[in-house]
Amino acid sequence: MSDQDPNRIPVIIGVGQINDRTENPGDALDPIGLMAEALRRSDADAGGGWLETCDSLAVVAQLAWPQLNPVDGALAERLGIEPAHRMQTAMPNGDSPILLLHEAANRIASGEASVCAVVGGEALRTAARLAALKPREDGSKPNALRDASHRRRTGYAQGFGLVVPTDVYPLYENAGRAAYGQTLAQGQAESGMIWAGMSKVAAGNESAWIRREAEAGDIVTPSDNNRPIAFPYTKLQVANSSVNQGAGFLVTSLGEARARGLADNQVVFLGYGAAAHESGNFLARDRYDASPSLATSIEWTMQLNDVEVGDLAHVELYSCFPCVPKMARRVLGWPLDKPASVFGGLTFGGGPIGNYMSHAVAEMVLRLRGTADKGLLFANGGYATHNHTILLSGQPTGASFPQDFDYQAEADERRGDVPELDEEYTGPATVETYTVFYERDGSVREGVVVARTPEGKRTLAAISGDDADMIAFFTDGTSEPVATAGSIAFGEDGRAIWQRSSQ
C-alpha cells in the first residue's frame, strides 16, 4: 500500500441497521424511514459528521411501497443532505448492494465523490398488515411479495405456475441434487445443515429478524408451523420477506478517513470483485444444476485477490434458497460445517428483498474491523440471474481502484448451448428438472416438469395435482425423477400434461 495514493483507496467507515417491529402498522416506519435511520446509524458508527458532506446517495429499489421513490428528494430531505449524485437501482435484485458498493468504491477512487452512502429498506411486513385490513372480494389472503411482483403477469412459464422466485429456484435444487449424486434425504440433510448453521448465527446477532436456533431436521420437515412451499422447500428454507428492515453503509477514501481522525483499524478495505449474469429468461439457461455466471463471479474474485478458501475467515453466501449457497460453496470449496453467513441468512436474518446484502456488508465490516481477517461477500439476484462477489479485509488489500468488475464475457465463454424452447410439443420427453407447488394448507396444488425432447429442445408440462401416484413419484424420494422418461400430451385445459412412461 505504500506506493498507493490514500485518496484513491476506498474504505468502508460506517454501517447501520434497523429492525422495526412496531405492532400497529399505522405507526411503523415506511421504507424511507427505515433507510434514513439506517444511514443515521451508519454516520454515528463512523464517528458522526459524514452524512452532512455526503455527495453520493445510492439506494436499493424496494417493493413494499411502490409509490415511493426515495431518491426523488424525500430521503435526502429527511436526512437534511444535498448529494450531487443520486441514483436508485432499476430493480430490487439481491446483488444490488454489492453492485452499489463496488460503484461507490470506483467513484471514490476516481475522485467523483468524497463520501458515498448506500442504503436500502423494506417494509413488507407492514405492507402485508395494511393489505390485510382491506378485504378482497374473492376472500383470498394478500401476498405482498406476489402482489408486488406483478402477480398477474401472463406468459408461457407463468401458465405453468412459474411466477416468483419461490416457484423457480426449486428447479435448481432438484437438478443440482441429481447432479451431485445425492438422494432426496441427502440433499435435504445438506440444506438442513446449512440453514441450521445460519440460524445459529442469527440467534447471536441482535440485528437478525428471527433470533432462535433451529434444528436441521425441523427445518426440512413439513409441519403445521413449517408448511411446504414448492418441493422440496418448506417455509423455513425460503427467504423471509415479511420483515421491516433497513441497512446502509458509508464509503470514503482512506485519505479522507485519516484526515477526519479515523485510525486505519476503524475502517475496512475492499479487494477486487467480479460480476456476471445469466439470461433474464430462466427458461433460456444452458442448465439448472450449476450457473456459469455464479462460478465466474466467485472464481475470478478469488483469483484477482490471489486468495484461497483457507485465507477466508468469513463468507456470506447468498441464501434466498438452499440451492444458491450449495452451488456457491462447491465452487468456492467452503466446508459444510462452517457458517455460510455472517448475518444469519435470508430466512433467519431476514429477507428484505434486494437489500439483504447491505446487512451482510454491515455484519462483515463489524467482524473484520481491527483484524487481519478477510471476508468474501457473494450476492445473487433475480431467478439465479445476477451474481456479484467482492472481497473485504481488515487490512489493506493492495487492490487498485477504480476497477472493472464486468466478467460477463468470461461467463459467456463457459456457458453451454441453450436449448431451443418448444411451447407446442407433445410426445416422448425426459425430465430435466421439476417441482411441485403446495397450497397454504399443505395440500398439493400441482407441479411442473421442465423436459427435454428427443431433439434436445426444452418444454414444460404440468404435473396433475389430482394424480397421487404421480405426485408420490416426484416427491417421496424412493427414486430420482430427474432424467426419467415420460411423455407429454395436451389436457382438457389446453396445457401440456406430464405422463410417466409406465402409465
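Sequential numbering from 1 along the given sequence is applied to the chain's residues.
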[atom2] on [Y] to [atom1] on [X], rounded to 0.5 Å:
X    : Y    : atom1 : atom2 : value
I12  : L250 : CD1   : CG    : 10.0 Å
Q62  : N69  : CD    : CG    : 9.0 Å
L171 : T435 : CG    : OG1   : 6.5 Å
L101 : L392 : CG    : CG    : 6.5 Å
L376 : M302 : CG    : CE    : 6.5 Å
L39  : L75  : CG    : CG    : 6.5 Å

Between [Y] and [X], do the side chains contain a donor N or O and an acceptor N or O under 3.5 Å apart?
X    : Y    : answer
T22  : D20  : yes
S358 : N355 : yes
T385 : R285 : yes

[X]: partners by salt bridge (Lys or Arg N to Asp or Glu O under 4.0 Å), with sequence neighbours left out:
X    : result
E308 : none
R125 : E23
E190 : R329, R330

Can you list the residues that meet the side chain to side chain donor-acceptor pair (under 3.5 Å) rule with D404, with sequence neighbours excluded?
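Listed in chain order: nothing, the list is empty.
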Kindly write out the residues that satisfy side chain to side chain donor-acceptor pair (under 3.5 Å) with N24, not counting sequence neighbours, or none if the list is empty.
D27
For the side chain of [X] and the backbone of [Y], is there at least one donor-acceptor N/O pair under 3.5 Å apart?
X    : Y    : answer
Q403 : G273 : yes
K200 : P339 : no
Q266 : A263 : yes
D43  : G49  : yes
E316 : H359 : no
R211 : A208 : no
N226 : T221 : yes
R41  : Q17  : yes
S341 : M198 : no
T234 : I219 : yes

Measure across [X] and [Y] and return the closest heavy-atom pair with its distance rounded to 0.1 Å.
X    : Y    : value
A214 : A196 : O-CB, 3.5 Å
D406 : E410 : O-OE1, 4.5 Å
S393 : T397 : CB-CG2, 3.6 Å
L236 : T347 : O-CG2, 3.4 Å
F437 : G161 : CZ-O, 3.6 Å
V60  : P97  : CG2-CG, 4.0 Å

Would a 4.5 Å heavy-atom cut-off, applied to side chains only, mark [X] and [Y] as touching?
X    : Y    : value
W65  : I32  : no
T53  : R260 : yes
P70  : Q88  : yes
H277 : S297 : no
F282 : L162 : yes
S96  : M357 : no
V71  : M87  : no
F343 : S207 : yes

Just grab all the ring-ring contact (aromatic ring centres under 6.0 Å, His included) pairs involving [range], residues at least two apart or on different chains.
range            : answer
residues 305-329 : Y169-F321, Y233-F321, Y318-Y356
residues 83-111  : H102-H388, H102-F405
residues 17-64   : none

Which residue, P325, P322, P232, forms the side-chain contact (heavy atoms from CB on, under 4.5 Å) with S191?
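Exactly one pass, corresponding to P322.
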Who pairs with S293 by side chain to side chain contact (heavy atoms under 4.5 Å, CB included), at least two apart in sequence or on another chain?
A276, E278, S291, N387, A411, R415
Partners of E439 by side chain to side chain contact (heavy atoms under 4.5 Å, CB included), sequence neighbours excluded?
D441, S443, R445
How about [atom1] on [X], more than 12 heavy atoms from neighbouring residues, nucleotides or ligands closer than 6.0 Å, or not?
X    : atom1 : value
N281 : CG    : yes
E77  : CD    : no
R21  : CZ    : yes

Go through F378 and T301 one step at a time and tell me if the side chain to side chain contact (heavy atoms under 4.5 Å, CB included) criterion holds.
CA-CA 10 Å; F378 161 68; T301 298; over 6 Å; no
Can I get a per-line list of side-chain donor-acceptor pairs under 3.5 Å for residues 114-124, giving both atom names and the distance, sequence neighbours left out?
{"unit_1": "S114", "atom_1": "OG", "unit_2": "D55", "atom_2": "OD2", "d": "3.1"}
{"unit_1": "E122", "atom_1": "OE1", "unit_2": "L63", "atom_2": "N", "d": "3.4"}
{"unit_1": "E122", "atom_1": "OE1", "unit_2": "A64", "atom_2": "N", "d": "3.0"}
{"unit_1": "E122", "atom_1": "OE2", "unit_2": "L63", "atom_2": "N", "d": "2.6"}

Tell me, which pairs form a side chain to side chain donor-acceptor pair (under 3.5 Å) where one or both residues lie in residues 364-378, sequence neighbours left out?
D45-R369
Check step by step if side chain to side chain contact (heavy atoms under 4.5 Å, CB included) holds for I229 and R227.
CA-CA 6 Å; I229 303 292; R227 63 185 177 88; 3.4 Å; yes
Applying side chain to side chain contact (heavy atoms under 4.5 Å, CB included) to F401 and I108, what does each step give before you reach the verdict?
CA-CA 9 Å; F401 290 85; I108 291 295; over 6 Å; no
Evaluation steps, side chain to side chain contact (heavy atoms under 4.5 Å, CB included), between R40 and R78:
CA-CA 11 Å; R40 291 190 191 102; R78 188 83 61 94; 3.7 Å; yes
